[in-house]
Amino acid sequence: MAGLIASLPLFHQVAGSRIVVVGSGPMAEAKRRLVERAGAVAVGEAEAHHASLAFVALEDAGEAAAARQRLKAKGLLVNVADKPDLCDFTTPSILDRDPLLIAIGTGGASAGLAKHIRLRLEAILPQRLGELARALASGRDTLRAKLPDGDARRRAVDAALRPGGTLDPLDEGSAGRVEDWLSNPATDAPARLERIALVSDDPEDLTLRQARWLGEADAIYHDADVPPAILARARADAARHPLDTAPDRPVEGFAVILTRD
């Protein structure tokens, strides 16, 4: 079925909670550091009744499987290091631009691949991205006062954060422009209408610009036979409409007309 993903990606708030770590040595220590970095407390199996998550870092496969079974019986979700088939959850490679976190996972297929993707992104993403995130958080109430309508706020933010926009995330200076942008955020978000003529049923054949349009659009007007894999690239909350109801000019918000070539 098109559009399926291998795992449900979540950011779990664990500060102050207890997380079980079973094992010793470098592999287990790495898990304890991760737990403590997230603000949780690493505890042993004897305190499993106080926890909901557990890491098992044991070299012996039989011992690891047995520990997993014991913890599962107590109702915990368990990660078994280097054994993705025994994991209820996996841990991604993390790019930290606090408070912005980017988690890169392969569902246990290759931790090395996830790491090297992270290293590439480290070289691309500005160190000040965290400042931009904090400035946007601080300005949330101001933005709501300026643009009470939720769709209008989303369009303004999308327009400001687009490539070349006032708050382009890849521009080191964007964090310093948030205050000025908040004085009149709607100026960056005029009504837009774009057209995409598909060249194939494969979403990989979308251009980068087309994929970005689908990810930003408030409404999609499309042929009935447009593949679900293409529509999956659109925002989950974007309105879907039949192609014959599409406007012929920009009306409100950002709309995309999606047709076969």
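By the 4.0 Å N-to-carboxylate-O rule, Glu47 lies close enough to Arg18 to be salt-bridged with it. Salt bridge status for Arg128 with Glu131: present, with a side-chain N to carboxylate O gap under 4.0 Å. With salt bridges taken as basic N to acidic carboxylate O contacts below 4.0 Å, none links Arg154 and Asp149. By the 4.0 Å N-to-carboxylate-O rule, Arg209 lies too far from Glu194 to be salt-bridged with it. Ionic pairing of Glu36 and Lys31 is not present here: no N-O contact between side-chain nitrogen and carboxylate oxygen is shorter than 4.0 angstrom.
Minimum interatomic distance between Pro227 and Arg260 (heavy atoms only, all atoms of both residues): CD-NH2, 3.8 Å. When all heavy atoms of Trp181 and Ala156 are compared, the pair lying nearest together is CZ2-O, 3.7 Å. Of all heavy-atom pairs between Tyr221 and Leu243, the closest is O-CD1, 4.0 Å. Of all the heavy atoms in Ala197 and Gln210, the pair that sits closest is O-NE2, 4.5 Å. In terms of heavy atoms, Leu214 sits closest to Ile230 at CD1-O, 4.0 Å. Between Ala186 and Leu147 the shortest heavy-atom distance is CB-CD2, 3.9 Å.
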Run Arg97 and Glu122 through salt bridge (charged side-chain N to carboxylate O under 4.0 Å, His left out) and show every step you take.
CA-CA 10 Å; Arg97 295 288 189 271; Glu122 286 276 10; 2.9 Å; yes
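Counting only heavy atoms from C-beta outward, the side chains of Asp237 and Asp218 never approach each other to under 4.5 Å. Ile196 is listed as a side-chain neighbour of Trp213, based on a closest heavy-atom distance under 4.5 Å. Side-chain contact between Arg233 and Leu206 is present, with heavy atoms from C-beta onward closer than 4.5 Å. The side-chain heavy atoms of Glu216 and Arg155, taken from C-beta on, include no pair separated by under 4.5 Å. Residues Asp248 and Leu193 are not in side-chain contact: their nearest non-hydrogen atoms beyond the backbone lie 4.5 Å or more apart. Side-chain contact between Leu143 and Pro185 is present, with heavy atoms from C-beta onward closer than 4.5 Å.
A donor-acceptor pair is defined here as one N or O able to donate and one able to accept, closer than 3.5 Å; such a pair exists between the side chain of Ser138 and the backbone of Arg134. In this structure, the side chain of Arg118 does not engage the main chain of Ala103 through any donor-acceptor pair within 3.5 Å. The closest donor-acceptor contact from the side chain of Arg249 to the backbone of Pro247 lies at 3.5 Å or more, if one exists at all. No donor-acceptor distance shorter than 3.5 angstrom exists from the side chain of Arg32 to the backbone of Ala42, with no hydrogens or angles considered.
Screening residues 69-79 for side-chain hydrogen bond (donor to acceptor under 3.5 Å, both in side chains) gives Glu45-Arg70, Lys72-Asp88 as the qualifying pairs, with residues at least two apart or on separate chains.
In this structure, the separation between CZ on Arg212 and CG on Asp158 is 10.5 Å, given to the nearest 0.5 Å. Rounded to the nearest 0.5 Å, atoms CG (Leu77) and OG (Ser52) are 7.0 Å apart. In this structure, Leu136 CG and Leu161 CG are separated by 6.5 Å, a value rounded to the nearest 0.5 Å.
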Pairs of donor and acceptor atoms involving the side chains of residues 170-177, under 3.5 Å and at least two apart or interchain, shall be tabulated with distances.
unit_1	atom_1	unit_2	atom_2	d
Asp171	OD1	Gly173	N	2.8
Asp171	OD2	Arg177	NH2	2.8
Ser174	OG	Asp168	N	3.3
Ser174	OG	Asp168	O	2.6
Ser174	OG	Asp171	O	3.3
Ser174	OG	Arg177	NH2	3.2
Arg177	NE	Thr166	O	2.8
Arg177	NH2	Thr166	O	3.2

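Every residue meeting the side-chain contact (heavy atoms from CB on, under 4.5 Å) condition with Pro9, not counting sequence neighbours, appears here in chain and number order: Ile5.
In summary, the side chains of Asp205 and Ser200 do present a donor paired with an acceptor at a separation below 3.5 Å, with no hydrogens or angles considered.
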